[in-house]
Every structure is written in structure tokens, then in C-alpha cells.
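Note sheet for the following structure.
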Protein chains: 4
Amino acid sequence: MAKTQTRRKDTSQRIQDTALELFLEHGYEKTSLREIAERLDVTKAALYYHFKTKEDIVLSLLDRLGTSFDELIAWAEGEPPTLETRRELLRRLNEVLADGASLFRFLQENQAALRDMRPGEDFKERMKSLGGLMADPEADMVGCIRSVSALFTVYFGGFALTDMEGTMEEKRAALLQVADEMLTAAHARETG
Amino acid sequence: MAKTQTRRKDTSQRIQDTALELFLEHGYEKTSLREIAERLDVTKAALYYHFKTKEDIVLSLLDRLGTSFDELIAWAEGEPPTLETRRELLRRLNEVLADGASLFRFLQENQAALRDMRPGEDFKERMKSLGGLMADPEADMVGCIRSVSALFTVYFGGFALTDMEGTMEEKRAALLQVADEMLTAAHARETG
Amino acid sequence: MAKTQTRRKDTSQRIQDTALELFLEHGYEKTSLREIAERLDVTKAALYYHFKTKEDIVLSLLDRLGTSFDELIAWAEGEPPTLETRRELLRRLNEVLADGASLFRFLQENQAALRDMRPGEDFKERMKSLGGLMADPEADMVGCIRSVSALFTVYFGGFALTDMEGTMEEKRAALLQVADEMLTAAHARETG
Amino acid sequence: MAKTQTRRKDTSQRIQDTALELFLEHGYEKTSLREIAERLDVTKAALYYHFKTKEDIVLSLLDRLGTSFDELIAWAEGEPPTLETRRELLRRLNEVLADGASLFRFLQENQAALRDMRPGEDFKERMKSLGGLMADPEADMVGCIRSVSALFTVYFGGFALTDMEGTMEEKRAALLQVADEMLTAAHARETG
DNA sequence: GATGAATGAGTGTTCATTCAT
DNA sequence: CATGAATGAACACTCATTCAT
């Protein structure tokens, strides 16, 4: 009795979900508001009641991600720049990526479309920060790349290994392990 | 008197160049044929004299890339699957990437837009082939990933390190060196 | 304790005021109910509690004007058609115009928009009546125009002299004086 | 054989004509490009081949008017500021108004809609210039208004006397005559 | 008295594409 | 080789309006 429409959740939420779904299917630009509305069985105008523009929908989607990312960076900046911190950073990054997998895929596949929207820029910035946190400040170019490569493994591996056999959990675990090895090896060279 | 229009190169070529230029600036979907035509100072209809559709322009651009890639794969498949082959493969891939840098960036940033065009599919396929050639057929998941990570480093490093200081040549060389180390280390473990 | 909300006047009144304000700023067609509601800090639906349609708001605004106008005409029709009556008519018209200045400006600037609404038609009608009352019934075309021109001066002068220096009161007084002269001169010719 | 389509004149011209026709019938805002296109039996997109925006259509319409007006002002500014000049100015203005009658009516009835477009502003400016040229620079407010009223008669009389009996030519002639009298009378007082 | 959610019909505008010349 | 003129389909977005609560 508490709710008249048990299934309907929040409409804004449903719009976000369906939008992401379609953005992943056909890409951001090729997904029209008409399609989103039709799949939700509401009118286009209803979308505009909940979001000011199409861009707004995507912004609302990426908000969640941005926050997780920022927290991750904030945490790492508060820790001493040791190997241990970096290993933990990789571990946590892996979790964030796993949680927001489809959003990250959307981000990755639609870079051109999102480029001149706020969060396109923002995520570039954040990746740079992460990169900076991975490498020893005194490392030379090769040294830097050794560490940053670990980040690539965790980050791009998630997209690139879609067709590899095995569950996503297994693959993520394996990627993390390899990245961890890389980080450790890089550290050994540096201090060796 | 040999040529009436010394400067004009081939018009088809100029269209391709300008198109790529604009695709990189604003993305494939947001670049209209009108824009391309205007920047070339011809009419839209003129483009249709040289290319059947907008998609055709992008296909013609990616043709060159596809060929290099296929040759690379064909070469590697003809060699014994040794560490040395894989190191050479990485070296050659690096060259192909350097040569077609802007095309690869275009490919990377417009995945969603190109997804349901021929070459989108094709390049996915080719990347899988390359992945397969990098890893020992008997390696387990982690083993595979160790080798494939070297590929990630060379491939994604090119995009991700744009803002890093240093010339692109230096960075590519460093990426290749690190990837080579990774490959060697992976091999050592495997045979270790 | 007599009123719970001392400041709020009547909401209907506030809607009318804000609507007129916005109609004058951007014009009737370009003013949306959303804007009116936002400036009043209520919802669009609230407007519909007080007025049946957007047109209704404008009708309610012009009602006051229409009445003054009709009274003016009724008065003049009850008087003998002498010069003195016409001079007084001009004087009274000037007052009505001064009182409803912003409404008249609205009417004037939005003729096209109001054309197929009731009051658009009505005001045209009323202006014709006024015109008829100004001129001697036996006057020829030029004679008519001499008298009606006095009316133009009072009526259009109010809009056209906005940027002239001086207060609105001064300008209105001057306009009335000139119109009065015109009327008298016209009469002199007629009876001369 | 010279022309394949004898009747078609210039399409741009036909668009302008039809647009003005409809703007006068329903007002600028209430006339949609769909309507214009339908009445011309072309597609909306065809309009966009000839004019960049809806606003552009109206600008192109008013261009002609603006020029006549500017020439008129330029002429008057080059003459000595005598009564004779002003009488001639009125005569010429009357002609310009007669020629562009429907455009002026459009301008007059759609002030609100045109307000924040270029020519809305421009025409206000031009009317002020004309006003300045009518009156003696040394005249006081009432003196000014006496002269400017002559201008009102010619200008607004054209719109206000639509329903009066008589041909438009007759009415325009009568309006001009009365305005001329007013000017002369005003001058007499000034120099009297 | 007023709101939150939604609708249906429209708007101006842009796009890839075509074709006679 | 290339253009001028046009099209059909779509798009993002806005509006006045409704109605259950």
C-alpha cells in the first residue's frame, strides 16, 4: 500500500539506466532521445522534465564515477608515496573499474563525443593525476613508464580482454596480479 | 606546362586529409560534410564525386592502416613463435603505430561511431590476432596477460602519454623498451 | 492577525503583474508560462489554478483598459458633438493613456500576437469609434484627418517620445497642448 | 528556350514574398517555416538552402526598407534645415511609406517580435533621426512636438486609416496635406 | 491553493544524399 | 570535375496544457 507503482523505481533512475544501455549499444551520438523515450515507453518531453538536456543525462551518469575517482586520488595523495601505497592504489582502482565497468566502457568508446563536455576533460585530468601518483617523482622517462604500464594493464585490460575466456572476475584478478608484479619489478630496479 | 595546377595534389587526397583533420578535431559524428567541403572550399556535391558516402571517406582512410596491420600479422604468423619473433613483432608494431598515429587516435576516440562499420569490427579482430601471437599458446591466463600487457604498453601508451614531456619519438622508444622488458620477463617466468 | 500572509497581495494580481512585466520585456509570444512561474517562484500548474489559459491572463490584463475606454466613449457619445466636448475627450483620453501606459505599450507592440484574440479586435473597434467622435460628421476627408491627427498626437506620441528628454508628465502635457491646438485650428477652418 | 522554368522567378524572391505574406496574415512568431514551405510547395530544408535562419528571412526583407530610409535621412542631413527642406522630407517620406507599405505594417505590428533583432533597433534609431530633422533645434518641447506631430500624421496615419473609405492614394495625399499644414503652422509660430 | 509528473503537438535547424546541368 | 538546388528524415528542444494528489 505504501507505493502505488511498485516497479517504477524512480523515473530519473530509469532514464539513466536506459540511456546508458542505449549509449553502449549504439554510441552516444547515434542514440536519440526518441529511442530512449520509446524504450521507456514515455514521451520525449518526459525526459525533459527530468533532465535539462541530453548532455545533462550523460553528466548525471558520469557524476557517480567522477566522485569515486576523486576519492581514490584524494586517498592516494594523503598516503606516503611508497610502493605499498601504489599497490593498494592499483587494488582500489581495480575495484572502482569493476563497479563502474559499463560506464567506463561508455567513456572509453565515446571519447570523441564527450571530448568537449565537462567530464571528458575532467577524466583526462584525473588519469594524469593517477599517472603521477604511480611513478616515483625522481624516476626518468623509462622508469615512469614502467610504473604507468601497470596502470595501463589494469585500466585498458578491462576493455581489451572482453573476448578472452574466463569470467570477468578472474580476468580482473589476473590483470591486477600482473600489474602488481610490474609495479614491484619497477620498484626493484629503481631501488636496486 | 606539365601540370596545370601545381599545388592541388590529388583532390581525393585533399578530401581525405581534411576529413581526418576534422574528424580528429570534432569527432566523426560531429563533423559534417558541409564542414569538410567548406574547409576545402568546394561544394558538398564535389565530395560525392570522389566518395560514394561519408562512410566511404572513413573507409578509404582506414584502408592504409588495415593493410599495414595485416602485413604485420601475416609476417608474424610466418615466423616461429619464439621470444625473438615476438620482440620483433613489438618493434614493427611500434613503427606502424608511429606512422599512422593520427589514424589510430581517430580509431581509438571514435570506437562507438565506427563500431558498426566494417573496419571497426576488423580492427578488433586484428587486435585479437596480435594478442594471440604475443602469448605462448600453453600459457595460463596470468601468463597470457603478462605478454599481452607488453602490447598494451606499446599500443595505449601512445595515446595516454600525449601530455608527458619529451618528443613523441623518445616516448615511443621508451615505451618499446619497457614493453620489451615485460616480454622478456614474461618469457623468463614461463621457461624459468 | 487579520491576514496570514501580509505581503502576498492576491496571487492572481501578482501573476498579472509579473506577466505584464515579462510581456513587455520579451513580448507576448516569447514569454512562456514557465518564465512567469519561475519569476514568481511557483509552478506552472499554479498559474492554471488562477487562469484557464495563457490567453486568459492577457484578457484579464486588458479588461481594465477596455472598461476605461468604453466609459470614455460612452461619455462622449452622451455629449453634444461640439469642439468643447472633443477637447475634453482628448484631455480624458490622455489620462486613460497615462494610467494604463504600460498596458497600451504592450498592446501596441504585440498587435500581431493579439490580433486574433478578442481584445485585439475590440481595441481596433474602439479606436475607430474615437476617431468618429473627433471629427465633424460633415467634414471631408482632409477635415477628418485634421481632427484625427490630434488623436494620433496624444495616442502615438506617448510611445514615440520615450527617448525625448523630460519627464513623462511634462511630455504628456505638451502632447495634449499641441493636440488641443490642432483640434482648435481644425475647427476654425471648418467653421471659418 | 532561355529559361526552363518561366514562372519560377528567383526562389529566394518567392520565399521572401510568401514569408511577408504570411507574416502579415498571422504575425512573425506564429508563422512557422513549415507554413511558408507548404505554401511554396517546397520542403522546409529548401528554405534553409536560401536563408540561414528564419531571422535571416526577415532581415533580408527589411534590408530594402532600411536603405530607403537611410537615403532619406542622408538627403535631409545634406540640406539646410529650412521649412522647405522639412516639407520636402515629409513628401519623400510619404513616398517611401507608400512603396513599402506592407513592410512597414509588418514592422509596426511585430515590434515585440523584432525588438531584439538588429533591424528593430535600427528602425528606432532612424525614427529618432527623422524626428530630430523635423524640429527646429532651438525649439522648446512644445515646439518640437508641433513639428514631430506632422511626422506622426504621415507615419501612423497610414496604419490607422486602413478602414477609412477612399483609396490609399487619396488618403496618403490627404495625410500629407494635413501634415504639411501642421509643419507650416508650427513654423509660423516659431518665427512669428 | 498548489505541486510533480507527464503529454502531444509543434518548433527551428541540420544532415547525408541526389541529380540535372 | 564540379555546382546549385533541393529533398526526406531526423534531431534536440520547448510549449501550453492536464490531472491525480
Side-chain angles (χ1 to χ4, degrees), chain A residues 4-5 8 10-12 14-15 29-37 40-57, chain B residues 4-5 8 10-12 15 28-37 40-57, chain C residues 4-5 8 10-12 15 28-37 40-57, chain D residues 4-5 8 10-12 14-15 29-37 40-57:
Chain A
T4 338
Q5 314 234 170
R8 207 163 258 258
D10 188 49
T11 304
S12 295
R14 288 176 65 230
I15 294 174
E29 312 256 22
K30 289 213 296 247
T31 301
S32 71
L33 294 186
R34 180 182 47 74
E35 274 177 291
I36 300 178
L40 279 167
D41 204 43
V42 295
T43 56
K44 263 189 296 173
L47 304 184
Y48 279 91
Y49 179 79
H50 295 279
F51 297 93
K52 275 209 327 269
T53 64
K54 187 186 182 189
E55 189 169 329
D56 235 53
I57 298 181
Chain B
T4 342
Q5 316 232 173
R8 206 167 258 260
D10 186 48
T11 304
S12 296
I15 293 174
Y28 174 72
E29 311 257 21
K30 289 213 294 250
T31 301
S32 69
L33 294 185
R34 179 178 51 70
E35 272 177 292
I36 299 177
L40 279 167
D41 206 41
V42 296
T43 55
K44 263 186 297 174
L47 303 184
Y48 279 89
Y49 181 81
H50 296 277
F51 297 93
K52 269 205 343 257
T53 66
K54 187 186 181 188
E55 191 169 327
D56 237 51
I57 298 180
Chain C
T4 342
Q5 316 232 171
R8 204 166 258 259
D10 187 48
T11 303
S12 296
I15 293 175
Y28 174 71
E29 311 258 21
K30 288 212 295 248
T31 301
S32 69
L33 295 186
R34 179 177 52 71
E35 273 178 290
I36 300 178
L40 280 167
D41 205 40
V42 295
T43 54
K44 264 187 294 174
L47 304 183
Y48 279 88
Y49 181 81
H50 295 277
F51 296 94
K52 268 204 345 256
T53 67
K54 186 186 181 187
E55 192 169 327
D56 237 52
I57 298 180
Chain D
T4 339
Q5 314 236 168
R8 207 163 257 261
D10 189 48
T11 304
S12 295
R14 289 176 65 230
I15 293 174
E29 312 256 22
K30 288 212 298 245
T31 301
S32 70
L33 295 185
R34 180 181 49 74
E35 274 177 291
I36 300 178
L40 280 167
D41 204 42
V42 295
T43 56
K44 264 189 296 173
L47 304 184
Y48 278 91
Y49 179 78
H50 295 278
F51 297 94
K52 274 210 327 268
T53 64
K54 186 185 181 189
E55 189 169 329
D56 235 53
I57 299 180

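In what follows, chains carry the letters A, B, and so on, assigned in the order in which the sequence lines appear, proteins first and then strands, with residues in each chain numbered from 1.
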Tabulate below the donor-acceptor pairs under 3.5 Å that side-chain atoms of residues 43-52 of chain A make, not counting sequence neighbours, or state none.
residue : atom : partner : partner atom : Å
A/Thr43 : OG1  : A/Ala46 : N            : 3.4
A/His50 : ND1  : A/Ser12 : OG           : 3.1

TODO: Verify the contact: side-chain N or O of C/His50 to OP1 or OP2 of E/dA2, cut-off strictly under 4.0 Å; return yes or no.
DONE: yes

Between CG of B/Leu40 and P of F/dC1 the distance, given in whole Å, is 15 Å

Partner of D/Ile15 under side chain to side chain contact (heavy atoms under 4.5 Å, CB included), picked from D/Leu40, D/Asp10, D/Val42, is D/Leu40

Rounded to 10°, the angle between the first-five-pair and last-five-pair axes of the helix from E/dA2-F/dT21 to E/dT21-F/dA2 is 20°

note: A/Phe51, atom CZ; F/dT14, atom P; distance rounded to Å ~ 15 Å

Does C/Thr11 put a side-chain nitrogen or oxygen below 4.0 Å from OP1 or OP2 of E/dG1? no

Is there a donor-acceptor contact under 3.5 Å from the side chain of B/Lys54 to the main chain of B/Thr31?
yes

Sorted by chain and residue number, the side chain to side chain donor-acceptor pair (under 3.5 Å) partners of C/Glu55 (sequence neighbours excluded) come out as none

Counting primed atoms, P, OP1 and OP2 as sugar-phosphate and everything else as base, the B/S/- map of nucleotides 7-13 of chain F against protein heavy atoms under 4.0 Å is BB-BSBB

Across all chains, not counting sequence neighbours, the side chain to side chain donor-acceptor pair (under 3.5 Å) partners of B/Glu35 are B/His26

4.5 Å side-chain heavy-atom contact, A/Leu33 and A/Ile57: yes

